[in-house]
Amino acid sequence: MENETVDTIRKEVGKRRLTLPDGTKLPILGQGTWHMGEDWSKRDTEIEALRLGVRLGMTLIDTAEMYGEGRSESLIGEALADQRDAIFLVSKAYPSHATREKLIKACDNSLKRLKTDHLDLYLLHWRGGTPLEETVRGMEALKKAGKILRWGVSNFDTKAMQELWSVPGGKNCAVNQVLYHLGSRGIEVDLLPWLRAHQVPIMAYCPLAEAGSLKAKLLKSRTLNQIAEAHAATMLQILLAWTVRHAERDGILAIPKAARPEHVLLNAQTAAIRLSTEEIEELDRTFPRPSRKVPLDIV
């Protein structure tokens, strides 16, 4: 890809940023890595995809010890160890590792696989049986040791966030990573307003509905197709543009996974798409949010 094209796309990606509670600014489009690193035959292509994403400005990289039981982290360590200062690195710990001692050990193992001495953000992957107060103590100990710069949670509904806010140090939570896309809008009823009120950004995973059969239904939408044609874009690009349509206002960034360079390019180009008020309203009518609170979607 020509440097001029890369520079143009990177500038568009860089125009839209989200600010974390500590003032750190992040691009509203990052890179997810679920299932990456699991097939050795795809390794070179996946590494190329990750490196291209960073060149295009999608410098937030999200992974987890669960992804391929560490193979995703190892892939990232191989792909981006020489670019550590250019990326914002996120990983997640199993709930079974949420005690203070196990959390420290899990983090050390992730750091080793990622070939780094610190994480920019460390998340509890989902709520388990460990008291949140103990998990927070573990996270704060990792911060004090310099092994993580900040911590957050994933798959926490409003009730879990309220409980987290009630424990000592719980308000240091920097992010809640949850599933969010045009076909899964339940967080808009109560979780998103709560997080916005408490200045906790959302990291939207599966913004392209990657994880379920709903994606096929979305891509049959006449409305979505018409809007895509109007923007000379793909329907998947419109799905992603919708997820971050109010990114700065609502504190939402998205981490689509793309294991091939051509898909990374399409994701990055989405930064230049601005949906009109009329287009957003039409999508709202076609795919309305729930009228009442529903259980948090999780995959």
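Hydrogens, waters and symmetry mates are skipped; everything else that's a heavy atom, side chains included, is used.
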Can you see which heavy atom on Val189 is nearest to which on Lys293, and at what distance?
CG1-N, 3.6 Å
Should we count NZ of Lys42 as having more than 12 external heavy atoms under 6.0 Å?
no
Return yes when atom CD of Gln199 has more than 12 non-hydrogen atoms of other residues, nucleotides or ligands closer than 6.0 Å, and no otherwise.
no
Find out whether Cys173 and Met161 are in side-chain contact, i.e. whether some heavy atom of one side chain is under 4.5 Å from a heavy atom of the other.
yes
What heavy-atom pair brings Ile273 and Arg16 nearest, and what distance separates the two atoms?
O-NH1, 4.2 Å
Would a distance-only check, ignoring hydrogens and angles, find a side-chain to backbone donor-acceptor pair under 3.5 Å from Glu65 to Tyr94?
yes
Verdict with supporting geometry, His231 and Leu275, side chain to side chain contact (heavy atoms under 4.5 Å, CB included)
CA-CA 9 Å; His231 287 271; Leu275 299 177; 3.9 Å; yes
Please determine if Glu46 and Arg43 form a salt bridge, counting it only when a charged side-chain N lies under 4.0 Å from a carboxylate O.
no
Derivation and outcome, side chain to side chain contact (heavy atoms under 4.5 Å, CB included), residues Val153 and Leu123:
CA-CA 5 Å; Val153 295; Leu123 307 179; 5.9 Å; no
Can you name the closest pair of heavy atoms from Val200 and Asn176 and give their distance?
CG1-N, 3.9 Å
Mind listing the closest non-hydrogen atom pair of Leu191 and Phe156 along with its distance?
CD2-O, 3.5 Å
So do the side chains of Leu265 and Ile9 get within less than 4.5 Å of each other, counting heavy atoms only?
yes
Heavy-atom side-chain proximity of Thr223 to Arg285 below 4.5 angstrom
no
For the CZ atom on Arg222, are there more than 12 heavy atoms of other groups (residues, nucleotides or ligands in this structure) within a distance under 6.0 Å?
no
Is a donor from one side chain sitting under 3.5 angstrom from an acceptor on the other, for Thr24 and Arg150?
yes
Rounded to the nearest 0.5 Å, what separation is found between the CD atom of Gln83 and the CG atom of Leu89?
12.0 Å
Can you name the residues that form a salt bridge (Lys or Arg N to Asp or Glu O under 4.0 Å) with Lys159, not counting sequence neighbours?
none
Asn267 versus Leu29: any side-chain heavy-atom pair under 4.5 Å?
no
Is there side-chain contact between Leu114 and Arg84, with heavy atoms separated by less than 4.5 Å?
no
For the residue pair Tyr67 and Trp34, categorise the inter-ring angle as parallel (less than 30°), tilted (30 to 60°) or perpendicular (more than 60°).
tilted
Answer yes or no: is there a side-chain heavy-atom contact under 4.5 Å between Leu56 and Val264?
yes
If you measure only the distance, is there a donor-acceptor pair under 3.5 Å linking the side chains of Glu188 and Tyr180?
yes
Quick note, side chain to side chain donor-acceptor pair (under 3.5 Å) partners involving residues 249-259, not counting sequence neighbours, are Arg196-Asp250
What about Ile298 and Val294, same hydrophobic cluster or not, with Ile/Leu/Val/Met/Phe/Trp/Tyr joined at side-chain heavy-atom distances under 4.5 Å?
no
Does atom CZ of Arg292 have more than 12 heavy-atom neighbours, drawn from other residues, nucleotides or ligands, at distances under 6.0 Å?
no
Do any N or O atoms from the side chain of Gln31 and from the backbone of Ala258 form a donor-acceptor pair under 3.5 angstrom?
no
Other residues, nucleotides and ligands only: do more than 12 of their heavy atoms fall within 6.0 Å of CZ on Arg260?
no
Ala49 and Pro261 have their tightest heavy-atom pair at CB-N, 3.9 Å
Would you mind reporting whether His198 and Leu195 have side-chain heavy atoms less than 4.5 Å apart?
no
Do we see a donor-acceptor contact under 3.5 Å between the side chains of Thr135 and Thr130?
no
Would you give the length of the straight line joining atom OG of Ser154 to atom CH2 of Trp126, rounded to the nearest 0.5 angstrom?
9.0 Å
Using only atom types and a distance under 3.5 Å, with no angle test, would you say the side chain of Arg127 pairs donor to acceptor with the backbone of Asn155?
no
Option from Glu140, Glu134, Met139, Glu133 for which side-chain contact (heavy atoms from CB on, under 4.5 Å) with Val136 holds:
Glu140
Point-to-point distance, once rounded to the nearest 0.5 Å, from CG of Leu240 to OG1 of Thr270
4.5 Å
Rounded to the nearest 0.5 Å, how far apart are OG of Ser276 and CD of Glu281?
8.5 Å
Donor-acceptor contact present, side-chain Ser166 to main-chain Glu163, <3.5 Å
yes
Taking 4.0 angstrom as the limit, do Lys105 and Asp108 come out as a salt bridge?
no
Minimum heavy-atom distance between Leu18 and Ile252, given as atom pair plus value
CD1-N, 3.2 Å
With a 3.5 Å cut-off and no angle check, do the side chains of Trp242 and Glu279 form a donor-acceptor pair?
no
Would Leu182 and Thr243 satisfy side chain to side chain contact (heavy atoms under 4.5 Å, CB included), going step by step from the backbone distance to the final call?
CA-CA 7 Å; Leu182 182 60; Thr243 300; over 6 Å; no
What's the spacing between Leu52 CG and Arg55 CZ if we round to 0.5 Å?
6.0 Å
Is a donor on one side and an acceptor on the other found under 3.5 Å between the side chain of Ser221 and the backbone of Lys217?
no
Between the side chain of Ser72 and the main-chain N/O of Gly68, is any donor-acceptor distance below 3.5 Å?
no
Got Leu20 and Leu121 here, is their nearest side-chain heavy-atom distance under 4.5 Å?
no
In Å and rounded to the nearest 0.5 Å, what is the OG1 to CG distance from Thr19 to Leu26?
8.0 Å
Whether Arg100 side chain and Ala141 backbone form a donor-acceptor pair below 3.5 Å:
no
In the single-linkage hydrophobic clustering (I, L, V, M, F, W, Y; side-chain heavy atoms under 4.5 Å), do Val13 and Leu266 co-cluster?
no
Applying a strict under-4.5 Å side-chain criterion to I, L, V, M, F, W and Y, I'd like to know whether Leu149 and Ile61 cluster together.
no
For Gln177 and Ile255, run side chain to side chain contact (heavy atoms under 4.5 Å, CB included): C-alpha distance rounded to whole Å, both residues' side-chain angles, the deciding distance at 0.1 Å, then the answer.
CA-CA 10 Å; Gln177 183 180 120; Ile255 48 170; 3.7 Å; yes
May I ask you to decide if Ile76's main-chain N or O and Arg113's side chain share a donor-acceptor pair within less than 3.5 Å?
no
Between Gln237 (side chain) and Gln269 (backbone), is there a donor-acceptor pair under 3.5 Å?
no
Check whether any side-chain N or O of Lys147 sits under 3.5 Å from a backbone N or O of Asp117 as a donor-acceptor pair, and report yes or no.
no
